[in-house]
Student: 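Sharing a structure here in structure tokens format.
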Amino acid sequence: MPDAMEPRYDHTKLEGEIYARWEKSGFFNPDVCVEKGVTDKDAEPFSLSLPPPNVTGTLHIGHAFEDAIQDIMVRYQRMRGRRTLWVPGTDHAAIATQAKVEGMLYKEEKKTKYDLGREEFLRRVENFAQESHDTIVKQVRRMGTSLDWSREAYTFDEKRSFAVRAAFEKMYDAGLIYRGARIVNWDPKLKTTVSDDEIAWKEEPAPFYYLKYGPFVIATARPETKFGDKYVVMHPNDKRYKKYKHGDTLKLEWINGSVTATIIKDDVIDMEFGTGVMTITPWHDATDFGIAERHKLDKEQIIDFDGKLLPIAGEFAGIYITKARPLIVEKLRAKGLLEKVDEKYLHRVATNSRGGGLIEPQIKMQWWVDVNKPFAMGESSLKGIPKGSRATLKELMRKVVKSGQVKIVPERFAKIYFHWINNLHDWCISRQLWYGHRIPVWYCLACGGKADKKMGFAGDVVPQVFDRKTRTYRLRDHGFTVGDRVAFENSATGELFGYGTMTEIAKTTVAEIDLKDPKHWKTYEAREQLIAAFKRHYPEKDIRSDTPVWLYTYVFDQTIKKSDGIRVNPEIKSRWFLVRHGETDSVKNNTVDGWQDTPLNETGLAQAEKHAEGMRGKKIDLIISSDLKRCKETAEIFARTTGAKIIYDPDLRERNWGALEGIPKSERDLHHQDASYSYHGKPERGESFADVEDRSWNAFQKYLKLYADKNVVFSIHGGPIRLIMGKLRKWSFEEVLRYYPPVSEMVALDISAPCAQCKGEIYEQDPDTFDTWFSSGTWTFSTLGWPEKTKDLATYHPNSFMAPGYEILFLWVARMILMSGCLLGQIPFKIAYLHGIVRDIEGRKFSKSLGNGIDPLELANTYGADAVRMALVVGAAPGNDLKFAESKVAGYRNFATKIWNASRFVLMNKPASASAKAGNLTAKDKAHIAHAQKMKKAVGAHIEKFEFHLAAEKAYHYFWHTFADKIIEEYKPLLKGDSGVAQVRAYRVLETILLDSLKMLHPFMPFVTEAVYEKFLPKKMLMVEEW
RNA sequence: GCGCCCUUAGCUCAGUGGUAGAGCGUCACAUUGACAUUGUGAAGGCCGCAGGCUCGAUCCCUGCAGGGCGCACCA
């Protein structure tokens, strides 16, 4: 007797067993298929990469949908005999993951990431990601996906990280990546930049203020940005303002006093809008930035990176903009500058779609991918862009789709894609996040890759030599001449800001210098300095208050030369860490502690342990420590973890404060200022800063000569650290005093080959990380081993098929095309099948906040994964959203039962003897069988045309309403009849059709079909049967 | 502003230059059946509106209305 079938199909039991059997068979791996002879070794390859789910997420209905589509294609192609590879993996999703862990950290421990420090925070993220990974991978399996798990990848694993670094280097060398200060989307909440495509726009009703700006009326929804506005812009053809000429200046009363405004004519202005006149805020608005760039106007920061107003806002400085706005409006009203308010205005507000805050445009030094710069194509199989030709990334992205080499399904998305390319700007790829691929750029610590001449500006970039806070200094000793290459940095933070070439332009007057200075600045002095500078350059001219002043300006130069002390992927000889000892009671009580031999207290011991934890895996060879007790104890703790030897060196001791040891710091600072704040000042019986710098720097240099190839940890004091850092960075003594070595972090120094510019050997890596889409852009080929020339890469790239959701067409699909195109000269995939969004029955997206979530796993447990897959596929046309209801799943659960029962009926009638005579098939028998084969073919044709919904429906109908309802009924009398031969014949016909039907249903409902198939052919596996 | 799409049965949606389709729902009847998850049948549609091309339009074209979405340099 054949195996009997249970009266009911029990998916809960069978689906798990069957998946385990598939995995054990190894047939998910095309190499095994070839090895075991189920696939021809020369068979045409068919490949795809799973859009990697976020490692910290859980499987939602959208994944289930996406995975079902791909699995249908994969199973079909595998059964068709192709060497089919579907690569699984997960995504580290930098910003989303970091935000999630930050959220948990705050909720559970009331801590921020800064409390933990970068290292410790990243360890937490990694742990969380690892746990989470196991969950989601299990969930992906649950849906029946036939992924080759032996090739599983992670966007943040070693191989993928290597690929990302290689990608950056290659694009940098090709001139496609540059560093430059440009306007960015800044998220003050997550404290990072965000790319244009990650912005979500919201429309909000907001009051629209009409303000009197001298003779003009300007309209704005954001009065808080207007403090620095000194350019008033109008259309050149606007007759109303004909009497104002470009470059004219006029004095007028503004928020915090009198200002001089300059007339600018630009045709970006819409004469119809508002009053046809506007003032500009180039630092905080992309349009205004564009105008300022075109006309070489000043740019000034009004809002800081926390979202608070800067000193330029006068009495409003330090206030968050949302709070300041009504106050500012009140002041404007009081001064009579508020003309009217339009309450019904709809304002478009940018928000960070990754759960961040309100976007505030800022100018910031970032890394960019230039989409408009032609580059030389290397090896290329791209149509229309042969090897050696030149193209821009925009052209590349456009051409491969236009030529049909990459086909976007459904086609209408190609139009959207082109439209997007037309409006595309350079892609900002750096993020100020901790979790993610670190940008593989190292800066020489001494010269920072900066140009020879350095320029500091208190308020970030103010393109003139003339700086608001330190202008006198600037004008006295700048020593620049036109054409000099200079670096600009924020003198408060030391942040490198931009590179440029000095030029000169005339656009202000001596008088203006007075007028625009708030009282507390040394206006008179500044003016005198300016005049002096002017005289130096134009000795023959008279100076009057209305004399135009030629100020130095620079033009941004957005590329950086490698020789400028910037290294991409350098070979790091060794890593050195400067660690400050932990807390002592003196530190805690704020008393002076120099050579006193105080031990660590409990907190201090814990801090040392935490650092030691961070040293695991860093292969520390040597510990060099001050011989004072607090450092000694710290070093010993490090030694326990790392096993490294300790060298004690009294030259690395803290400053000897002599007579001042043990007194409160406040007293020291107040009564011994010379010792506290001057370089050479010396307390009685103690040392000066100069003395300490001398001995500790010499010691450091000595060790650098001895141990440049070893990984070294310095367990030392705050004093030597800041002095050594000061020497390394060539700081002034004032800068040294401003720097406090962090207790929560180790200062990491990387030793590499000497800098071409200044011979320094010590580098530090860019602290920023990549936009997560920069790494996901490499997904189709980094998963196959690129940049190595692997067999997988040669065989399976480009991918045959890719099935992401249309919502990531720009974020991901376009970026894969870009990166694959410029790095490999290949398309990433032949087909981009874009699926829609699964929505609830009211058409809303599923979301946690709405509480309308449907858990696909719960559904799979209730109805079976097969039913869930069918419910998702049927009725989902390419690119269309799918409204989804549980009742649909129930319907397909019924279908699974139908398959089981119909098969069970056929099996019940199986002849006892395999050799039982069936007689000849009748014409009708043959017609039924032929029809079934025709249907199978039709189903296959639909799949090949990406009409999965039609394919599924066709297979469904055939089985239920033709095979079960008609054919089985037709043959029932024969089966029940007296003729043994006819019985056998009837069985043979039904079995033939059934097995074919199972094949055509298998891609859609793999579990139940596999379960049934083996009842008939116990030695076979339907998954690899021939279609 | 530029662009893409949708409007078909009560609901959710397919679809085609020639009599209009599915699932769910509704109604009637049948059912100790391989099927408690079944079967047979029925009702239900000026295929958004108005023009045009065509022998023929739900489908192609134009316009309009309503809805959705993408992009943008909407002060």
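Below, chain A is the first sequence line, B the second, and so on; all start at residue 1.
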Student: Would you kindly check if the NZ (Lys) or CZ (Arg) of Lys934(A) is within the cone defined by 45 degrees around the ring axis of Tyr958(A) and under 6.0 Å from the six-membered ring centre?
Tutor: no
Student: Salt bridge (Lys or Arg N to Asp or Glu O under 4.0 Å), that's the test. Do Glu6(A) and Arg904(A) meet it? Break it down for me.
Tutor: CA-CA 8 Å; Glu6(A) 308 288 316; Arg904(A) 177 165 167 249; over 6 Å; no
Student: So, is Asn909(A) near the phosphate of rA34(B), with a side-chain N or O under 4.0 Å from OP1 or OP2?
Tutor: no
Student: Got a second to check how far Asp267(A)'s CG is from Asp238(A)'s CG, nearest 0.5 Å?
Tutor: 12.5 Å
Student: Determine the interplanar angle of the Tyr833(A) and Phe946(A) rings, folded into 0 to 90°, and report it as parallel if under 30°, tilted if 30 to 60°, perpendicular if over 60°.
Tutor: tilted
Student: Under a 3.5 Å cutoff, is there a donor and acceptor pairing between the side chains of Trp420(A) and Asp197(A)?
Tutor: yes
Student: Can you check the distance between rA57(B) and rC61(B), where both ends of the measurement are the P atom (answer in whole Å)?
Tutor: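 The answer is 16 Å between these two P atoms.
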Student: Over all heavy atoms of both residues, which pair between Gly836(A) and Tyr806(A) is shortest? Give the atoms and the distance, please.
Tutor: CA-CE2, 3.5 Å
Student: Using the side chain to side chain contact (heavy atoms under 4.5 Å, CB included) rule, pick out the option among Leu818(A), Ile421(A), Asn422(A) that qualifies with Lys394(A).
Tutor: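 Per the side chain to side chain contact (heavy atoms under 4.5 Å, CB included) rule, the option paired with Lys394(A) is Ile421(A), out of Leu818(A), Ile421(A), Asn422(A).
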Student: Check the distance between rU12(B)'s P and Lys883(A)'s NZ and give it to me in whole angstrom.
Tutor: 5 Å
Student: So which protein nitrogen or oxygen atoms get under 3.5 Å of nucleotides 39-44 of chain B's nitrogens or oxygens?
Tutor:
| unit_1 | atom_1 | unit_2 | atom_2 | d |
| --- | --- | --- | --- | --- |
| rG39(B) | OP1 | Trp960(A) | NE1 | 2.3 |

Student: Provide the distance between the two P atoms, one in rC64(B) and one in rU26(B), to the nearest whole Å.
Tutor: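 To the nearest whole Å, 43 Å.
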Student: Distances for protein N/O vs nucleotides 69-75 of chain B N/O pairs under 3.5 angstrom?
Tutor:
| unit_1 | atom_1 | unit_2 | atom_2 | d |
| --- | --- | --- | --- | --- |
| rG70(B) | N2 | His419(A) | ND1 | 3.3 |
| rC71(B) | O2' | Asn423(A) | ND2 | 2.8 |
| rA72(B) | N7 | Arg348(A) | NH2 | 3.4 |
| rA72(B) | N6 | Arg348(A) | NH1 | 3.0 |
| rC73(B) | OP1 | His425(A) | NE2 | 3.1 |
| rC73(B) | O4' | Thr287(A) | OG1 | 2.6 |
| rC74(B) | N4 | Arg348(A) | NE | 2.2 |
| rC74(B) | N4 | Arg348(A) | NH1 | 3.1 |
| rC74(B) | N4 | Arg348(A) | NH2 | 3.4 |
| rA75(B) | O5' | Tyr345(A) | OH | 3.1 |
| rA75(B) | O3' | Ala219(A) | O | 3.2 |
| rA75(B) | O2' | Ala219(A) | O | 2.7 |
| rA75(B) | N7 | Val277(A) | O | 3.4 |
| rA75(B) | N6 | Asp270(A) | N | 3.0 |
| rA75(B) | N6 | Asp270(A) | O | 2.6 |
| rA75(B) | N1 | Asp270(A) | N | 3.2 |

Student: Locate the shortest heavy-atom distance separating Arg985(A) from Leu974(A); write the atom from each residue and the value.
Tutor: NH2-CD1, 3.5 Å
Student: Report which part of the nucleic acid Ala896(A) touches: base, sugar-phosphate, or nothing (heavy-atom distance under 4.0 Å, all strands).
Tutor: nothing
Student: More 5' along RNA chain B: Tyr956(A) or Lys415(A), using each one's nearest nucleotide?
Tutor: Lys415(A)
Student: Starting from the 5' end of RNA chain B, give me the residue, Gly875(A) or Lys888(A), whose nearest nucleotide shows up first.
Tutor: Gly875(A)
Student: With a 4.0 Å cutoff (strictly under), does any side-chain N or O of Lys976(A) reach OP1 or OP2 of rA34(B)?
Tutor: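 Answer yes for this pair, as a side-chain N or O of Lys976(A) is under 4.0 Å from OP1 or OP2.
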Student: What orientation do Phe895(A) and Tyr892(A) show, parallel under 30°, tilted 30 to 60°, or perpendicular over 60°?
Tutor: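 Because their plane-to-plane angle is over 60°, the rings of Phe895(A) and Tyr892(A) count as perpendicular.
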Student: Please state whether the base of rA14(B) and the side chain of Glu947(A) form at least one donor-acceptor pair under 3.5 Å?
Tutor: no
Student: Return the stems involving RNA chain B, sorted by first number, where pairs are Watson-Crick (N1-N3 with N6-O4 or O6-N4) or G-U wobble (N1-O2 and O6-N3), both under 3.5 Å, and runs are 3 or more long.
Tutor: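 Looking at RNA chain B, the stems formed by three or more consecutive pairs are B:1-7 with B:65-71, B:10-13 with B:21-24, B:26-30 with B:38-42, B:48-52 with B:60-64.
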Student: So what does Asp288(A) hit on the nucleic acid, given a heavy-atom distance under 4.0 Å: a base, only sugar-phosphate, or nothing?
Tutor: nothing
